[in-house]
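Below, chains carry the letters A, B, ... as their sequence lines are ordered, and counting in each starts from 1.
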Number of protein chains: 2
Amino acid sequence: MIENDFFRALADPTRRAIFEKLAAGSMNASALRNGMEISQPAMSQHLAVLRSAKLVREQRQGRFVNYEVDPEGLALIAQWLAKYRAYWPDRIAALKVLLKDMDQ
Amino acid sequence: MIENDFFRALADPTRRAIFEKLAAGSMNASALRNGMEISQPAMSQHLAVLRSAKLVREQRQGRFVNYEVDPEGLALIAQWLAKYRAYWPDRIAALKVLLKDMDQ
DNA sequence: CCGACACATAAGCATACACTTATCTGATTT
DNA sequence: AAATCAGATAAGTGTATGCTTATGTGTCGG
């Protein structure tokens, strides 16, 4: 059950912070730690969780490992959310505008 | 931090099952238990978590309490997701179609 | 009013989870 | 080749969480 993975992954505030940081630009695990008050193993463990949830993907670069947002996880969340479109309130009109932006 | 509430609430598979059942049609706590192999207190506790995450709302009806999907929680998830629209893959085109349906 | 019913709350317990320190792997540099 | 550095993994620990068995609260029917 893949839903379990991404909801569990995002249930932790530290992991959401990591994800948000990566959304602002891909970087390696050490760079992610800057200004985050988190140990190296903790970061590594969080990244492993985000990875198995398809929210983040890695790319070895020498002895660094570059991390970036994996669109697949976001797609899965969007698909889950789409199931409940019958309940989306008008407020979600904002989302429609955003989607139009995607067409640019 | 409201994000914490809904991600934590949905991280549990039992709560997602309850939510999905409610999405198919509002009903009271006892009806929700049908075919779910879950104790009455457990259900009550799960509903409390979903309630505080704004994913579900209640409505007293005599000695029954009717539960239904609360659009507010879904809206919050959609808003969170919208922040990362830059990473949405083309696959999400399906979502655009769904949104067009909403305009009917 | 009193028993039954729908549901919430309390308290206790077992497991999951996020952290720690220590160690390991693999790549780079000198 | 040896030291160093980026990162992963292992093992242990405290706390959060989902469950259980009571018990409490409010509403209804007789």
Less than 4.0 angstrom between a side-chain N/O of A:Y67 and OP1 or OP2 of D:dA6, yes or no?
no

According to a strict under-4.0 Å criterion, is A:T14 in side-chain N/O contact with OP1 or OP2 of C:dC19?
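So the side-chain polar atoms of A:T14 do come within 4.0 Å of the phosphate oxygens OP1 or OP2 of C:dC19, strictly under.
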
Send over the distance from [X] [atom1] to [N] [atom2], rounded to a whole Å.
X	N	atom1	atom2	value
A:M43	C:dA18	CE	P	14 Å
B:I38	D:dG18	CD1	C1'	9 Å
A:M27	D:dA6	CE	C1'	16 Å
A:L50	D:dA8	CG	C1'	15 Å
A:F7	C:dC17	CZ	P	16 Å
B:E58	C:dA8	CD	P	6 Å
A:E37	C:dT20	CD	P	10 Å
B:L10	D:dT17	CG	P	14 Å

Between CG of B:L22 and CE of B:M27, what distance do you get to the nearest 0.5 Å?
6.0 Å

Side chain to side chain contact (heavy atoms under 4.5 Å, CB included) between B:I18 and B:M43, intermediate numbers included
CA-CA 9 Å; B:I18 293 169; B:M43 175 60 77; 3.6 Å; yes

[X] side chain: which of [options] is closest?
X	options	result
B:Q40	D:dG18, D:dA6, C:dA8	C:dA8
B:R63	C:dA6, D:dA8, D:dC19	C:dA6
B:R8	D:dA8, D:dT17, C:dA8	D:dT17
B:S39	D:dA8, D:dT21, C:dA6	D:dT21

Can you find a donor-acceptor N/O pair under 3.5 angstrom joining the side chain of B:Q45 to the base of D:dT17?
no

Of the non-hydrogen atoms in B:V69 and B:P71, which two are nearest, and what is the gap between them?
O-CD, 3.5 Å

For A:R33, answer base if it contacts any base atom (sugar-phosphate contacts may also be present), sugar-phosphate if it contacts only those atoms, and nothing otherwise; contact means non-hydrogen atoms under 4.0 Å.
nothing

Which residue lies toward the 5' end of DNA chain C, A:R15 or A:P41, if each is placed at its nearest nucleotide?
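Nearest nucleotide further toward 5': that of A:R15.
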
Between B:A11 and B:R60, whichever has its closest DNA chain D nucleotide further toward 5' is B:A11

Aromatic ring centroids of B:F7 and B:W80 under 6.0 Å?
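Centroid distance B:F7-B:W80: below 6.0 Å, so yes.
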
Could A:R57 and A:E72 be called an ion pair, given the rule that one side-chain N must be under 4.0 Å from one carboxylate O?
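No, no charged N to carboxylate O under 4.0 Å.
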
